[in-house]
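Bear in mind that the values here come from a model prediction, so they are computed numbers and not experimental data.
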Amino acid sequence: MRFQQIKDLMLYLEQLHHQQGLSYGRQIPRVDGERSRMLLAYLQGREDAAAAHLHDYREQMGKAVKETWLDQGFGEDLLAECERLALEAGTRPEEIVALASRQEEKLIGELSRLARECPTPGTVALLKALASMAQSRLTRLVHGVHRLDDI
């Protein structure tokens with residue numbers, strides 16, 4: 001996937017989180033375990049919040065950064081991958097966490113790679129910040145799941 005401008009990348013990321021949230025929501029009635037359903041509901045809310053945050057972030061970005069041309073793009077289409085999500089009835093919470101973690105790690109990897117290949121310091125800083133935010137989200141997810149285990 002190739003992007004033309006940073007604002008297009010930001011829109012893609014916003015759509016990615018929105019679609020991941022919808023995808024997690026669609027899985028809630030498919031799984032049997034109460035903890036799995038609770039985790040999927042948590043993940044859905046987490047992705048919805050991320051999409052809203054990225055929308056606000058994109059709206060507040062400076063025009064110069066927004067319109068920076070970026071010749072690179074993600075190596076794989078993460079949006080298509082999240083749309084294919086289909087969990088089995090017996091999916092355990094650990095499997096759901098592993099799946100969500102892999103998705104987040106792919107996003108972090110792609111953002112980090114793009115940051116290394118960016119043409120301007122402003123876009124490098126933006127992409128590094130997005131990768132850092134994704135890493136923080138992953139850390140919070142792992143800590144949140146440990147708290148769920150304690151309940």
Full working for salt bridge (Lys or Arg N to Asp or Glu O under 4.0 Å) between Arg140 and Glu104: CA-CA 12 Å; Arg140 284 193 310 270; Glu104 201 74 37; over 6 Å; no
Under the side-chain contact (heavy atoms from CB on, under 4.5 Å) criterion, do Tyr12 and Leu54 qualify, and how do the steps go? CA-CA 10 Å; Tyr12 175 81; Leu54 283 169; over 6 Å; no
The test is salt bridge (Lys or Arg N to Asp or Glu O under 4.0 Å); show your working for Arg37 and Glu34 and say whether it passes. CA-CA 5 Å; Arg37 285 194 296 273; Glu34 183 62 29; 2.8 Å; yes
Applying side-chain contact (heavy atoms from CB on, under 4.5 Å) to Met10 and Lys7, what does each step give before you reach the verdict? CA-CA 5 Å; Met10 295 297 293; Lys7 65 183 176 185; 5.5 Å; no
Between Leu85 and Leu99, is the side-chain contact (heavy atoms from CB on, under 4.5 Å) condition met? List the steps. CA-CA 10 Å; Leu85 178 65; Leu99 176 82; 3.1 Å; yes
Go through Leu39 and Val31 one step at a time and tell me if the side-chain contact (heavy atoms from CB on, under 4.5 Å) criterion holds. CA-CA 11 Å; Leu39 179 57; Val31 297; over 6 Å; no
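Note on Glu47 versus Arg137: salt bridge recorded, some NZ/NE/NH1/NH2 to OD/OE distance being below 4.0 Å.
Considering every non-hydrogen atom in both Ala115 and Val124, the closest pair reads O-CG2, 3.4 Å. The two atoms that bring Ala86 and Arg30 nearest to each other are CB-NH1, 3.7 Å, heavy atoms only. The minimum heavy-atom distance between Leu107 and Ala134, with the atom names listed, is CD2-CB, 4.4 Å. Nearest heavy-atom pair, Leu141 versus Ala100, reported as atom, atom and distance to 0.1 Å: CD2-CB, 4.0 Å. Scanning all heavy atoms of the two residues, the minimum distance from Gln103 to Gln20 falls at NE2-NE2, 3.2 Å.
Going from atom CD of Gln60 over to atom NZ of Lys66 covers 9.5 Å, rounded to the nearest 0.5 Å. In this structure, Leu138 CG and Ile108 CD1 are separated by 5.0 Å, a value rounded to the nearest 0.5 Å. Rounded to the nearest 0.5 Å, atoms CG (Leu127) and OG (Ser132) are 12.5 Å apart. Once rounded to the nearest 0.5 Å, the distance linking CD of Gln15 with SG of Cys82 reads 10.5 Å. Atom CZ of residue Arg84 and atom CG of residue Leu79 lie 10.0 Å apart, to the nearest 0.5 angstrom. Between atom CZ of residue Arg116 and atom CG of residue Leu111 there is a gap of 11.0 Å, rounded to the nearest 0.5 Å.
The salt bridge (charged side-chain N to carboxylate O under 4.0 Å, His left out) test applied to Glu88 returns no partner, not counting sequence neighbours.
Within the structure, the side-chain hydrogen bond (donor to acceptor under 3.5 Å, both in side chains) test picks out the following pairs touching residues 106-115 (sequence neighbours left out): Glu81-Lys106, Glu110-Arg113, Arg113-Glu117. For residues 49-59, the set of pairs meeting the side-chain hydrogen bond (donor to acceptor under 3.5 Å, both in side chains) definition, not counting sequence neighbours, comprises Glu14-His55, Glu14-Arg58, His55-Arg58.
A donor-acceptor pair is defined here as one N or O able to donate and one able to accept, closer than 3.5 Å; no such pair exists between the side chain of Thr91 and the backbone of Leu87. For Gln27 (side chain) and Leu40 (main-chain N/O), no donor-acceptor pair under 3.5 Å exists by modelled atom type.
Side-chain contact check for Leu9 versus Leu114: some heavy-atom pair is nearer than 4.5 Å. Residues Ile96 and Tyr42 are not in side-chain contact: their nearest non-hydrogen atoms beyond the backbone lie 4.5 Å or more apart.
Using modelled atom types and a 3.5 Å distance limit, the side chains of Thr139 and Ser136 yield no donor-acceptor pair. A donor-acceptor contact closer than 3.5 angstrom is absent between the side chains of Tyr24 and Asp48.
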